[in-house]
Participant: 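Input: one structure, supplied below.
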Amino acid sequence: MGRVVVLGVFVADTAYRADRQPKLGETVLGQSFALGPGGKGSNQAVAAARAGAETHMITRLAGDPFGDMALGTWATAGVIPAVTHVDQGYTGAAYIFVEAATGNNAIIVCPGVAGDISVADIEARAALIGGAAVFVTQLEQPVPAAMRALAIARAGGAITVLNPAPAAPLPDGMLALCDYVTPNESEAEALTGLPVGTPQEALAAAQALRAAGARAAVITLGAQGALFHDGTRTVHVPAFSAGPVVETTGAGDAFNGGFAAALSRGMDPVDSVRFGSATAGISVTRPGTAPAMPSRSEIEALLAKG
């Protein structure tokens, strides 16, 4: 099994549930509060490690309680930190308001010191990145750092995976550094300008992403599964059901972590998509993000059921 290296952000999720958001100058009484680990890169690293891959997480942390939460989360999951510790500033956090009646949310994310991940930070981890079997990144940290890391990983022979989330314009040449680009429906729409609501529409978006330089596209479609397209094969992988859905937050991160773990073991790309889909299928039956990520044995048991 090869090494999975993830570049990304950790944030502490602070979730508040209430009937409504307060107006400016107003205080309302909430129904519940939850504090837990979050951040796309961190969630994906936890998912990959729980799925059995040797996983390293590259990021920045401050010396504060949320930084301690990150290190504790990774220690529990088996993620190996490759962290730049910063004396000034704070570890990232997210304010998540959840409307009690509908479950709709409003979110403010402050990435803290991870928002300053630089090309110099990447160069300092070049040996780790260049020696990866699979390298994964997203768009929560600065794009120049992600692009440089993709270039180093590609030069070292790694399989490169870009999860373009949150959706943002990509610089010229970025997709050409990606073996796999893994947007969800809305991200694929933002990147291509095409509607993505069905597997058929996802194929058109995947073709556009390949035309822009990606070797292959995997578009996740929620309850409709995922669409894989590499120019030779087009495969729609149905979603896996592991029980009643409790929370879909983090399902995309579960998919990407499981997908990377499978690729690191040399699995066929389509089988890796199935592995990632099963990872996500289990995660949505549990509350939270990082704590919801399943073990390799759980994933393989679900896959064995067909």
Participant: Would you kindly say whether S42 and W74 are connected by a side-chain donor-acceptor distance under 3.5 Å?
Facilitator: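 Per modelled atom types, S42 and W74 side chains form a pair under 3.5 Å.
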Participant: Indicate yes or no for a side-chain donor-acceptor contact from T14 to the backbone of A94 under 3.5 Å, with no hydrogens or angles considered.
Facilitator: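 Yes; at least one donor-acceptor contact below 3.5 Å.
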Participant: Between the side chain of H229 and the main-chain N/O of H236, is any donor-acceptor distance below 3.5 Å?
Facilitator: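 Side chain of H229 to backbone of H236, a donor-acceptor pair under 3.5 Å: no, none is there.
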Participant: Taking side chain as C-beta onward, heavy atoms only, is V5 less than 4.5 Å from I58?
Facilitator: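 The answer is yes, as the side chains (C-beta and beyond) meet within the 4.5 Å cut-off.
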Participant: Using a strict 4.0 Å threshold on nitrogen-to-oxygen distance, state whether R210 and D230 make a salt bridge.
Facilitator: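 So R210 does not pair with D230 through a salt bridge.
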Participant: Hey, is R286 close enough to E298 for a salt bridge, meaning N to O under 4.0 Å?
Facilitator: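 Looking at R286 and E298, the cut-off is met.
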Participant: At their closest point, which heavy atom of P269 faces which heavy atom of L263, and how far apart are they?
Facilitator: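 Reported closest heavy-atom pair: CA-CD2, 4.3 Å.
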Participant: Hey, could you give me the CG/CG distance between L162 and L170, rounded to the nearest 0.5 Å?
Facilitator: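 Interatomic distance, L162 CG to L170 CG, rounded to 0.5 Å: 6.5 Å.
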Participant: When rounded to the nearest 0.5 angstrom, what distance separates CD1 in I159 from CG in D179?
Facilitator: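 Nearest 0.5 Å value for the CD1-CG distance: 6.5 Å.
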Participant: Would you call K40 and E140 a salt bridge, taking side-chain N to carboxylate O under 4.0 Å as the test?
Facilitator: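 So K40 does not pair with E140 through a salt bridge.
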Participant: Are Y95 and Y16 an aromatic pair by the rule of ring centers under 6.0 Å?
Facilitator: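 Yes.
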Participant: Is there a donor-acceptor pair under 3.5 Å between the side chain of T248 and the backbone N or O of V284?
Facilitator: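 Here the side-chain-to-backbone pair does not exist.
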Participant: Do I107 and F97 make a side-chain contact, defined as non-hydrogen atoms from C-beta onward lying under 4.5 Å apart?
Facilitator: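 Not in contact.
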Participant: Could you tell me whether E99 and R20 make a salt bridge, using a distance below 4.0 angstrom between a side-chain N and a carboxylate O?
Facilitator: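 Judged by the 4.0 Å cut-off on N to carboxylate O distance, E99 and R20 do not form a salt bridge.
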Participant: Is it true that D271 and R265 have a side-chain N and a carboxylate O under 4.0 angstrom from each other?
Facilitator: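 Answer for the salt bridge query: no.
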Participant: Side-chain contact test, heavy atoms from C-beta onward, threshold under 4.5 Å: evaluate it for L175 versus V181 and give yes or no.
Facilitator: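 The answer is yes; the side chains approach within 4.5 Å.
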Participant: A side-chain contact here means heavy atoms from C-beta on lying under 4.5 Å apart; do V270 and F275 qualify?
Facilitator: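 No - every pair of side-chain heavy atoms lies 4.5 Å or more apart.
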Participant: Looking at every non-hydrogen atom in both residues, tell me the closest pair between M174 and L139 and how far apart they are.
Facilitator: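 Shortest heavy-atom separation between M174 and L139 comes out as CE-CD2, 4.2 Å.
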Participant: Regarding N184 and T220, do their side chains bring together a donor and an acceptor under 3.5 Å, going by distance alone?
Facilitator: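 Side-chain D/A pair, N184 to T220: absent.
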Participant: May I ask you to test the T73-V46 pair for a side-chain heavy-atom distance under 4.5 Å?
Facilitator: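 Heavy-atom side-chain distance check passes, below 4.5 Å.
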Participant: Between D121 (side chain) and T59 (backbone), is there a donor-acceptor pair under 3.5 Å?
Facilitator: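 The answer is no, because no donor-acceptor pair under 3.5 Å joins these two groups.
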Participant: What are the two closest non-hydrogen atoms of M293 and S283, and how far apart are they?
Facilitator: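 M293 and S283 have their closest heavy atoms at SD-CB, 4.4 Å.
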Participant: Say whether N163 and Q138, considering side chains only, have a donor N or O and an acceptor N or O under 3.5 Å apart.
Facilitator: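 There is no such pair (donor and acceptor under 3.5 Å, judged by atom type) between the side chains of N163 and Q138.
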Participant: Quick one: do L128 and I152 end up in the same hydrophobic cluster if we chain Ile, Leu, Val, Met, Phe, Trp and Tyr together by side-chain heavy atoms under 4.5 Å apart?
Facilitator: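 Yes, because L128 and I152 connect within a single hydrophobic cluster, where side-chain heavy atoms sit under 4.5 Å apart.
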Participant: Grab the two heavy atoms, one from L61 and one from G67, that are nearest each other, plus how far apart they are.
Facilitator: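 L61 and G67 have their closest heavy atoms at CD1-O, 3.9 Å.
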Participant: Do side-chain atoms of T137 reach the backbone of L7 as a donor and acceptor pair under 3.5 angstrom?
Facilitator: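 Here the side-chain-to-backbone pair exists.
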Participant: Without hydrogens or angle criteria, can the side chains of E189 and S186 be said to hold a donor-acceptor pair below 3.5 Å?
Facilitator: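 Judged by distance alone, the side chains do not pair up.
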Participant: Could you state the interatomic distance from CD1 (I117) to CZ (R125), rounded to the nearest 0.5 Å?
Facilitator: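 Here the interatomic distance stands at 10.5 Å.
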Participant: Describe, in one word, how the ring planes of F228 and Y180 are oriented to each other, choosing from parallel (under 30°), tilted (30 to 60°) and perpendicular (over 60°).
Facilitator: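 F228 and Y180: tilted rings.
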Participant: When you measure from the side chain of E54 to the backbone of R3, do you find a donor-acceptor pair of N or O atoms at a distance under 3.5 Å?
Facilitator: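 Here the side-chain-to-backbone pair does not exist.
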Participant: Any chance you could measure T234, atom OG1, to Q200, atom CD, to the nearest 0.5 Å?
Facilitator: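 The CD atom of Q200 is 11.5 Å from OG1 of T234, to the nearest 0.5 Å.
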